A.B. asks: 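Below you will find the structure I want to go over with you.
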Amino acid sequence: MKKIVVLTGAGISAESGLRTFRDSDGLWEGYDVQEVATPQAWQRNPQLVQDFYNMRRKDAMNAKPNAAHYALAALEEQYEVTIITQNIDDLHERAGSTNVMHLHGVITRAQSSLNAALTYPMEGWEIKMGEVCELGSQLRAHVVWFGEDVPMIEPSARICQQADIFILVGSSLAVYPAAGLINYVPNQVPKYIVDPNIPDINRLNSMIKIEEKATVGVPELVKRLMGS
Ligand code: APR
């Protein structure tokens with residue numbers, strides 16, 4: 001089976017009602033991400049950070065996958081698909097994708113604040129101060145903050161090197177190391193980008209541009225790739 005690698009960003013979840021990072025004048029739900037998504041923010045005001053991610057978790061649990069998520073799941077009928085997502089929602093999984101790598105963590109799991117490798121599934125939407133991991137340290141969102149390691153980046157880069165087809169959906173490619181993944185895709189591999197406002201950067205020039213929102217562009221592209 002041919003291998004398709006899909007790199008997704010906040011734009012694919014926009015039509016599910018989850019806000020992107022850089023569309024709304026750089027604020028994420030009214031907060032500067034540096035205020036709530038850094039280890040310094042956690043040291044400074046852990047309750048604010050906890051509340052911020054509790055709200056994000058509630059939004060993500062209330063959101064529904066959209067036509068773009070479902071179309072990518074359908075690709076698995078004919079291709080070996082790996083979704084590498086920068087998103088912390090689990091909409092790809094809920095749409096049926098079976099091979100999803102979360103570069104920046106996933107909001108449905110809690111994480112030990114002492115050892116990032118210790119994560120726990122969550123039922124509810126809230127992590128409370130005082131809830132601790134097996135080592136006795138405070139639980140936090142299983143999300144990669146600015147300045148923290150991105151442990152999934154090496155395996156993701158290797159996956160990109162194996163791609164027969166590459167698709168980029170809904171990312172401004174503003175944040176590294178995620179944005180650098182595109183460089184691991186071999187030159188001769190067809191690369192598609194689906195985004196209503198395709199960033200005007202020269203490294204995207206070799207890409208086949210589909211200047212549409214995800215719920216229109218992705219199903220269209222999937223239809224083409226599945227020969228229907
Ligand atoms: N369909 C497709 N793309 C869309 C849509 C839509 N309906 N609406 C917006 N977009 C596009 C925007 O044009 C933009 O290119 O989605 C992209 C969103 O870019 P960002 O907000 O920068 O999101 P993302 O690229 O995922 O951010 C990467 O930055 O803050 C960190 O860790 C955070 O994972 C995040 C990372």
Side-chain angles (χ1 to χ4, degrees), residues 7-65 84-94 100-133 135-153 156 169-181 195 197 199:
L7 175 60
T8 65
I12 197 169
S13 297
E15 290 159 271
S16 294
L18 298 178
R19 302 281 288 277
T20 62
F21 291 85
R22 289 165 191 82
D23 278 354
S24 42
D25 52 52
L27 292 183
W28 190 22
E29 298 295 343
Y31 290 86
D32 173 335
V33 283
Q34 302 291 340
E35 250 182 278
V36 287
T38 62
Q40 294 73 15
W42 176 249
Q43 294 309 322
R44 197 172 44 242
N45 186 343
Q47 188 62 61
L48 171 71
V49 175
Q50 205 73 277
D51 293 346
F52 180 78
Y53 283 102
N54 286 338
M55 289 312 298
R56 300 291 67 76
R57 192 173 297 106
K58 203 162 157 186
D59 295 345
M61 290 168 98
N62 292 337
K64 301 238 176 321
I84 301 172
T85 186
Q86 299 169 84
N87 300 338
I88 58 173
D89 63 58
D90 62 342
L91 296 179
H92 284 300
E93 290 89 338
R94 284 165 49 199
V100 182
M101 300 171 82
H102 283 275
L103 278 178
H104 297 158
V106 65
I107 199 73
T108 54
R109 294 184 76 86
Q111 176 179 308
S112 158
S113 50
L114 203 60
N115 174 350
L118 287 180
T119 69
Y120 308 89
M122 284 186 63
E123 276 73 45
W125 60 277
E126 209 176 357
I127 299 178
K128 294 193 176 78
M129 295 312 283
E131 284 183 320
V132 295
C133 75
L135 304 174
S137 84
Q138 173 64 48
L139 285 178
R140 53 167 269 195
H142 174 40
V143 171
V144 176
W145 288 333
F146 286 94
E148 291 191 314
D149 283 349
V150 182
M152 299 299 280
I153 197 68
S156 300
V169 186
S171 176
S172 64
L173 292 181
V175 169
Y176 284 80
L181 284 174
D195 191 314
N197 311 304

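Only a predicted model underlies this, so the values are computations on that prediction, with no experimental measurement involved.
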A.B. asks: Quick one: does Thr20's side chain have a donor or acceptor within less than 3.5 Å of a partner on Ala10's backbone?
C.D. replies: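 No: the side chain of Thr20 does not pair with the backbone of Ala10.
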
A.B. asks: Let's go through Lys58 and Asn54 carefully: what are the C-alpha distance in whole Å and the side-chain angles of both, what is the deciding distance for side-chain contact (heavy atoms from CB on, under 4.5 Å) to 0.1 Å, and is it a yes or a no?
C.D. replies: CA-CA 6 Å; Lys58 203 162 157 186; Asn54 286 338; over 6 Å; no

A.B. asks: With a 4.5 Å cut-off on side-chain heavy atoms, are Asp59 and Ile107 touching?
C.D. replies: no

A.B. asks: Quick one: does Ser112's side chain have a donor or acceptor within less than 3.5 Å of a partner on Asn115's backbone?
C.D. replies: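 Between the backbone of Asn115 and the side chain of Ser112 there is a qualifying donor-acceptor contact (under 3.5 Å).
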
A.B. asks: Any side-chain to backbone donor/acceptor pair from Gln50 onto Leu139? Under 3.5 Å, distance only.
C.D. replies: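 Confirmed, Gln50 side chain pairs with Leu139 backbone.
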
A.B. asks: How about Gln111 and Ile127: do any of their side-chain heavy atoms sit closer than 4.5 Å?
C.D. replies: no

A.B. asks: Locate the shortest heavy-atom distance separating Phe146 from Pro39; write the atom from each residue and the value.
C.D. replies: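 Where Phe146 meets Pro39 most closely, the heavy atoms are O-CD, 3.3 Å.
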
A.B. asks: Quick one: do Val49 and Arg44 satisfy side-chain contact (heavy atoms from CB on, under 4.5 Å)? Show the steps, please.
C.D. replies: CA-CA 9 Å; Val49 175; Arg44 197 172 44 242; over 6 Å; no

A.B. asks: Testing the 3.5 Å rule here: is there a donor-acceptor pair between the side chains of Asp90 and Thr108?
C.D. replies: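 Looking only at side-chain atoms, Thr108 and Asp90 do not form any donor-acceptor pair under 3.5 Å.
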
A.B. asks: For the residue pair Tyr31 and Phe52, does the interplanar ring angle fall in the parallel (under 30°), tilted (30 to 60°) or perpendicular (over 60°) class?
C.D. replies: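 It falls in the perpendicular class, over 60°.
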
A.B. asks: Could you give me the CA-CA distance, side-chain angles and deciding distance for Leu103 and Ser156, then say whether side-chain contact (heavy atoms from CB on, under 4.5 Å) is met?
C.D. replies: CA-CA 8 Å; Leu103 278 178; Ser156 300; 3.5 Å; yes

A.B. asks: With rounding to the nearest 0.5 Å, note down the distance linking CG in Leu91 to CD1 in Ile12.
C.D. replies: 9.0 Å

A.B. asks: Is the closest side-chain donor-acceptor distance between Asp51 and Gln47 under 3.5 Å?
C.D. replies: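 Asp51 vs Gln47: donor-acceptor pair found between side chains.
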
A.B. asks: If I take atom CZ from residue Arg19 and atom OG from residue Ser13, how far apart are they, to the nearest 0.5 angstrom?
C.D. replies: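 Separation between the atoms: 14.0 Å.
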
A.B. asks: So, does His102 use its side chain to make a donor-acceptor pair with the main chain of Asn87 at under 3.5 Å?
C.D. replies: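 Yes; judged by distance alone, with no hydrogens or angles, the pair exists.
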
A.B. asks: Strictly below 4.0 Å, N to O, side chains only: are Arg109 and Glu93 in salt-bridge contact?
C.D. replies: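 Salt bridge absent between Arg109 and Glu93.
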
A.B. asks: Looking at Arg140, is its backbone amide N or carbonyl O close enough to the side chain of Ser113 to form a donor-acceptor pair, meaning the two atoms are under 3.5 Å apart?
C.D. replies: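 It does not hold such a pair.
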
